[in-house]
Amino acid sequence: MKITGTGSVLPKKIVTNDMLSEFLDTSDAWIYPRTGIRYRHVISDEKLEDMAAEASVKALENAGIKAEDLDMIICSNVVNEYVTPSLSCIVQGAIGATCPCLDINCACAGFIYALDIAESHFKAGKVKNVLVVCAEEPSRMTSWKDRSVCVLFGDGAGAAVLTEGDNIKGIKLSAASATDKLYEKRILEPTPYVAKEEENVPLQMKGQDVFKFAVKASSGDIKYLLDKLGMDAGDVKWYLLHQANMRIINSIRDFLGQPEEKFPTNVESHGNSSSASCPILLDECNRKGLFKPGDILALSAFGAGFISGAVILEW
Ligand code: ACO
């Protein structure tokens with residue numbers, strides 16, 4: 001399997017830290033040093049499904065294939081307007097594909113998990129072209145009264161087209177259940193048989209626990225792959241890490257002992273867009289012409305669950 005096309009879309013509404021301080025007890029002086037975020041793109045009159053479809057079309061154009069050439073669509077998403085049908089089915093119709101579709105919810109690590117599922121289908125000889133699209137609107141998951149959470153996130157969609165090739169060197173998936181550290185709950189339809197009280201709970205986060213998990217999990221996943229492949233950190237040309245927080249990225253970079261220029265970032269202008277973060281960054285770097293054929297890339301992401309994953313691939 002190899003990545004032959006990428007695409008991404010951001011909502012047009014930009015919300016700066018100063019804009020947040022107009023209705024929250026917060027400031028750029030608090031947010032920027034702790035997170036590296038200056039502003040984020042937030043959905044206003046867009047629909048997430050349209051952004052997912054647009055990112056997919058861009059990735060298909062970039063790969064030079066048509067929607068009807070696709071053998072599978074995998075969509076990574078935590079929440080969107082529909083509980084059912086799946087976002088991948090909505091995207092399929094919007095772009096004019098006819099292939100099987102599936103959605104996964106692996107929180108912020110969704111892109112890595114989707115790559116792993118796709119790779120299994122390539123290895124089984126079942127597919128020739130797969131679209132992975134990660135579309136997220138965490139701005140609709142957080143309470144905009146909770147300054148400790150809402151300031152961290154932004155919305156967006158990122159997509160990648162995969163075709164046959166030998167470019168994936170290794171993928172590592174990890175999970176360690178810790179459901180009280182990062183979660184959101186919603187009320188389900190009532191029934192005559194459910195007696196318990198239920199309530200909507202917007203995204204809750206134990207920030208320092210998440211921070212520690214993120215650094216440990218991402219560093220561990222990347223190190224595992226490097227060791228397994230007989231590589232060292234210096235062999236990787238580009239590290240594309242989940243764009244949650246600049247301090248987390250810097251801690252992983254310290255662990256790997258690698259220079260800053262190997263770690264492209266967009267957290268400053270995007271915030272954390274959950275599973276869309278990695279493919280959006282991948283697309284932005286791809287379109288800037290950063291990657292040359294033969295470059296070794298390491299992608300790594302972590303999120304609620306806890307769940308994490310990394311991939312090492314040749315561009
Ligand atoms: N503005 C001003 N003050 C704030 C804000 C804010 N936006 N948020 C919290 N504070 C206050 C708190 O109320 C607290 O005040 P107190 O001391 O009077 O009680 C103080 O700042 C310190 O709060 P902490 O939570 O201890 O701050 P910390 O230094 O841990 O930084 C942060 C918080 C930035 C969230 C940090 O823990 C972090 O980066 N964690 C990782 C979060 C993350 O990346 N999550 C997403 C990854 S998973 C995924 O992608 C879904």
Side-chain angles (χ1 to χ4, degrees), residues 15-40 42 76-79 104-113 134-156 158 174-185 201-219 221 240-254 265-268 270-281 299-310:
V15 179
T16 64
N17 293 343
D18 288 342
M19 287 160 77
L20 292 174
S21 61
E22 286 166 16
F23 60 92
L24 279 173
D25 181 14
T26 191
S27 61
D28 183 63
W30 192 95
I31 299 169
Y32 183 68
R34 282 175 182 77
T35 68
I37 302 167
R38 288 271 190 216
Y39 59 92
R40 69 286 291 142
V42 172
S76 163
N77 168 257
V78 179
V79 291
I104 59 168
N105 176 349
C106 298
C108 306
F111 187 58
I112 312 293
Y113 274 68
C134 305
E136 304 279 13
E137 47 186 339
S139 70
R140 303 299 303 273
M141 300 169 63
T142 63
S143 160
W144 284 77
K145 292 182 180 148
D146 183 354
R147 65 178 183 174
S148 68
V149 181
C150 72
V151 305
L152 303 173
F153 293 93
D155 304 325
S174 308
S177 183
T179 51
D180 61 332
K181 309 290 188 197
L182 186 56
Y183 67 92
E184 180 188 0
K185 288 173 78 173
V201 182
L203 195 64
Q204 303 291 304
M205 183 179 70
K206 296 200 167 81
Q208 291 178 9
D209 291 337
V210 173
F211 194 107
K212 285 179 206 150
F213 163 77
V215 174
K216 197 169 160 219
S218 241
S219 305
D221 290 341
L240 277 72
L241 307 185
H242 175 41
Q243 300 291 295
N245 180 313
M246 203 60 214
R247 287 190 304 148
I248 293 176
I249 294 169
N250 285 337
S251 300
I252 299 166
R253 186 165 66 73
D254 284 349
T265 59
N266 61 21
V267 66
E268 182 176 33
H270 295 22
N272 177 351
S273 57
S274 188
S275 74
S277 150
C278 271
I280 291 173
L281 182 62
L299 279 69
S300 172
F302 50 83
F306 290 130
I307 192 165
S308 69

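Remember, it's 1-based here, ligands and their atoms both numbered in the order they're listed. Residue numbers start at 1 and run along the sequence shown.
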Look at [atom] and say which protein heavy atom is nearest, naming residue and atom and giving the distance to 0.1 Å.
atom	value
atom 46 (C) of ligand 1	Asn272 ND2, 3.4 Å
atom 39 (O) of ligand 1	Asn245 ND2, 2.4 Å
atom 10 (N) of ligand 1	Trp30 CZ2, 3.3 Å
atom 24 (P) of ligand 1	Gln208 NE2, 4.0 Å
atom 7 (N) of ligand 1	Arg147 O, 2.8 Å
atom 44 (O) of ligand 1	Ile248 CD1, 3.5 Å
atom 35 (C) of ligand 1	Met205 CE, 4.0 Å
atom 47 (C) of ligand 1	Val210 CG1, 3.6 Å

message: Check for me whether Arg40 meets the cation-pi criterion with Phe153, that is, NZ or CZ under 6.0 Å from the six-membered ring centre and within 45 degrees of the ring axis.
response: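 Output no; distance or angle outside limits.
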Hey, is [atom] touched by any protein heavy atom at less than 4.0 Å?
atom	answer
atom 19 (O) of ligand 1	no
atom 37 (O) of ligand 1	yes
atom 14 (C) of ligand 1	no

Using distance alone, with no hydrogens and no angle criterion, decide if [X] and [Y] have a side-chain donor and acceptor under 3.5 Å apart.
X	Y	result
Ser275	Glu136	yes
Asp18	Thr16	no
Ser300	Asp221	no
Ser139	Asp155	yes

Counting heavy atoms only, which of [options] is nearest [atom]?
atom	options	result
atom 40 (N) of ligand 1	Ser21, Gly207, Pro138	Gly207
atom 31 (O) of ligand 1	Arg34, His242, Met141	Arg34
atom 34 (C) of ligand 1	Lys212, Arg247, Met246	Arg247

Does any N or O in the side chain of [X] come within less than 3.5 Å of the main-chain N or O of [Y], such that one atom is a donor and the other an acceptor?
X	Y	value
Arg253	Ile249	no
Gln208	Lys206	no
Asn105	Ala107	yes

Residue portion contacting ligand 1 (non-hydrogen atoms closer than 4.0 Å) for Asp25: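 Answer for Asp25: backbone.
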Which of the ligand 1 atoms, numbered from 1, are nearer than 4.0 Å to a heavy atom of [X]:
X	result
Ala244	44 (O), 47 (C)
Leu182	48 (S), 51 (C)
Cys108	49 (C), 50 (O), 51 (C)
Ser148	8 (N), 9 (C)

query: More than 12 heavy atoms of other residues, nucleotides or ligands under 6.0 Å from NZ of Lys216: is that the case?
result: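 Check fails, neighbour count at 12 or below.
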message: Which heavy atom of Phe213 sits nearest to which heavy atom of Gly303, and what is that distance?
response: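 That closest heavy-atom pairing would be CE2-O, 4.1 Å.
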